[in-house]
Amino acid sequence: MLKIKKISKKYHDTEEIIYKDLEIKEGEFISILGPSGSGKSTFIDLISFLKEATTGEIEIFGNTFSKLKDKSLINSLRKDLGVMSSNSQLISSLNIKENIKLPLLIHKVNDSQEYFDMLIDRLNLKKILYKYPSSLSSGEKQRSLLARAVILKPKLLIADEPTANLDSNNTHQLVNYLIYLNDVLKTTIIVATHDDIVSNASKRIYELKK
Amino acid sequence: MIFISFLTKKYFSSIFSNKSLRLPILISIISIGISIFSLMVVMFVMKGFEVKVQNKILSNFPHIMITNKLKKDLNGISNIDSFQESIEGYGAYINKSGFEIIKIKGLAGDRIKFKKQENTSYNFAYISKDFSYTTGIDNNETFEIFVPAPNTLKKIKKIQIKVLGELEIEQNVPTIFLDFDKAEKLILSKSLIEVKLFDPFKSKETMSEIITKNNNLKGQIIDWQTINSNLFNIMKLERISLGVFLSFLILISCTTIYSNTNTMIFQRKEEIATLLILGAKKKDILIVFVLTNFFISLIGYLVGSLIAYASTKILDNKNLIDTLGVNLSFYGIDGFPIIFSTYYFNMISVFSFILIILATFLPTTFYLRKNIDDLIVRVG
């Protein structure tokens, strides 16, 4: 599913983060742990093709990338790649229902009402479907972002601190859904987190050191 | 396409609820509207003025003039409506407040019937409407005019005139119309043949036909377009200059669109990053932003062109000038000189659309050239 080989990322020509090689198989649920500044978010950005690695290769769904030059291939891969990072916002002009269904429009995929109903039911989004992002709490936003990241039933879900700023109730709700995705829908999940609840739910840990 | 039209509709409808963009967008809509309105109205007035002057020339003056006195063969030329021999000169009419320069025109042919002049010192004549208006002279009244007479001691001679009636032939100065033979004896001018055409705009072709038929005419024949070419060239130059200078107004308005597009994209740059992360193509996002801003500018364009169209129709049809009491008789033009011109409307529309598209396209491409990572503002 995903292999990283000798990848590193240089900052300001002086600092460099070197990542251990890693292979993630289909159906895994892996947590990326490490102290602040250890490169968790950078790792998430690299494997979700938001940043380019200085050295090394990333192999995903059988395609190997060392540079992000093949934009059209990366774009087509995004259909199978659900990204829920602090960098991906909800679109302010769209209500929550429209935000969640946006990837379906982008990738011209037919809407499955049954899956959508199940998704909003499990993530408790029914009451806020017609609200706009500006009127939502952090928990509601995070759950909406997760719903949007998985609406296309991606093979791989990459999430960066999905439970940041959430209360315990919202954290449990979100983690339960991640477990459901992994166990029932067989979605491979990679999560960068500080949260023990999330890391305890995962099946494997990839630890980064500063 | 569904994604593009969906997001464009959403961005467009949410634009007026964006507090920081609402006022600048309103200002740019108004400025586009005003500049398009100004450019269109000015061009329509210029066109109207040109057409009215042209019509005036075509209705009052011959379309072709031939100064050769030899017998001419003008038959068989299809564009010739009528032709007649005439003679023109100038004289003066003296009234209580001074003297009035008048035109004396001798007409041949069957158009006007003159009485036979027997045992009378009066010369029978018709007068133009403005002659009657200026002098207050009516039918059957008599008066005197003075014409140049270089061969006499006084260099001037007095002529007695008796009015037979008024003629509807418009002239640029008050005119009296005499029988051709009589006029030829009284005034010192060369006679000429005045030709009226069915299609005055084909005067050049008709002139060539006349020359082909009458070899001796070269240099002695002239058409209305040649006579008035300086006037029309000046009017054309004036129209182009005004058009160019007023086009800058649209250019200035487009800078406000450029600035708004820039602000809008800057505000939404993280949303752009999100759309790219979700798999949207840069080309599609570019189209969304260009279309959103284009539609906003289109409101300004529509408002400006509709007001210009409505103003043109009101000024053209309602004879507003009379209502306002503005006197345009000095120019000899009835009503306000304004005409809706499809040509100028289309030209201004195309020019405006090109500028609007550029003003929205350039800032959008600038942002979309960046990498996703450069569009993201990281917190913490």
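Each chain gets a letter, A, B and so on, in the order the sequences are listed, and its residues count up from 1.
Between B:Phe3 and A:Leu102 the shortest heavy-atom distance is CE1-CD1, 3.9 Å.
With hydrogens and angles disregarded, a donor-acceptor distance shorter than 3.5 Å links the side chain of B:Thr274 to the backbone of A:Gln89. Using modelled atom types, no side-chain atom of A:His107 and backbone atom of B:Ala280 make a donor-acceptor pair closer than 3.5 Å.
Only the side chain of B:Leu7 comes within contact range of chain A, with at least one heavy atom under 4.5 Å from a heavy atom of that chain. Using a 4.5 Å cut-off between heavy atoms, A:Ser36 makes no contact with chain B at all.
Summarising the local packing, CD of A:Gln113 is surrounded by more than 12 heavy atoms from other residues, nucleotides or ligands at distances under 6.0 Å. Atom CE of B:Met347 is surrounded by 12 or fewer heavy atoms from other residues, nucleotides or ligands within 6.0 Å. Annotation: A:Glu16, atom CD; neighbour count of heavy atoms from other residues, nucleotides and ligands within 6.0 Å is above 12. By the neighbour-count criterion of 12 heavy atoms within 6.0 Å, atom CZ of B:Phe232 is densely surrounded, having more than that number from other residues, nucleotides or ligands. Counting non-hydrogen atoms of neighbouring residues, nucleotides and ligands closer than 6.0 angstrom, the OH atom of A:Tyr115 exceeds 12 such neighbours. Counted within 6.0 Å of NZ on A:Lys101, heavy atoms from surrounding residues, nucleotides or ligands total more than 12; the atom is thus considered enclosed. More than 12 heavy atoms of other shown residues, nucleotides or ligands fall within 6.0 angstrom of atom OH in A:Tyr180. In this structure, B:Phe361 places its CZ atom where only 12 or fewer heavy-atom neighbours from other residues, nucleotides or ligands lie under 6.0 Å away.
Taking CD1 of A:Ile106 as the reference point, atom CG of B:Leu278 lies at 4.5 Å (rounded to 0.5 Å). Between A:Ser93 atom OG and B:Lys9 atom NZ the span is 13.0 Å, to the nearest 0.5 Å.
The shortest side-chain heavy-atom distance between B:Lys10 and A:Ile91 does not fall under the 4.5 Å cut-off. Between B:Phe6 and A:Glu98 the shortest side-chain heavy-atom distance falls below 4.5 Å.
Within the structure, the side chain to side chain donor-acceptor pair (under 3.5 Å) test picks out the following pairs touching residues 238-252 of chain B (sequence neighbours left out): B:Glu50-B:Arg239, B:Arg239-B:Tyr344.
Residues of residues 283-290 of chain B lying under 4.5 angstrom from chain A, judged on non-hydrogen atoms, do not exist here.
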Stepwise side chain to side chain contact (heavy atoms under 4.5 Å, CB included) test for B:Ile277 and A:Phe49: CA-CA 8 Å; B:Ile277 290 168; A:Phe49 303 110; over 6 Å; no

Does B:Glu271 form a side chain to side chain contact (heavy atoms under 4.5 Å, CB included) with A:Leu90? I'd like the steps, not just the answer. CA-CA 7 Å; B:Glu271 287 190 7; A:Leu90 291 165; over 6 Å; no

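Between chain B and the residues A:Ala149, A:Ser92, A:Pro103, the most heavy-atom pairs under 4.5 angstrom are made by A:Ser92.
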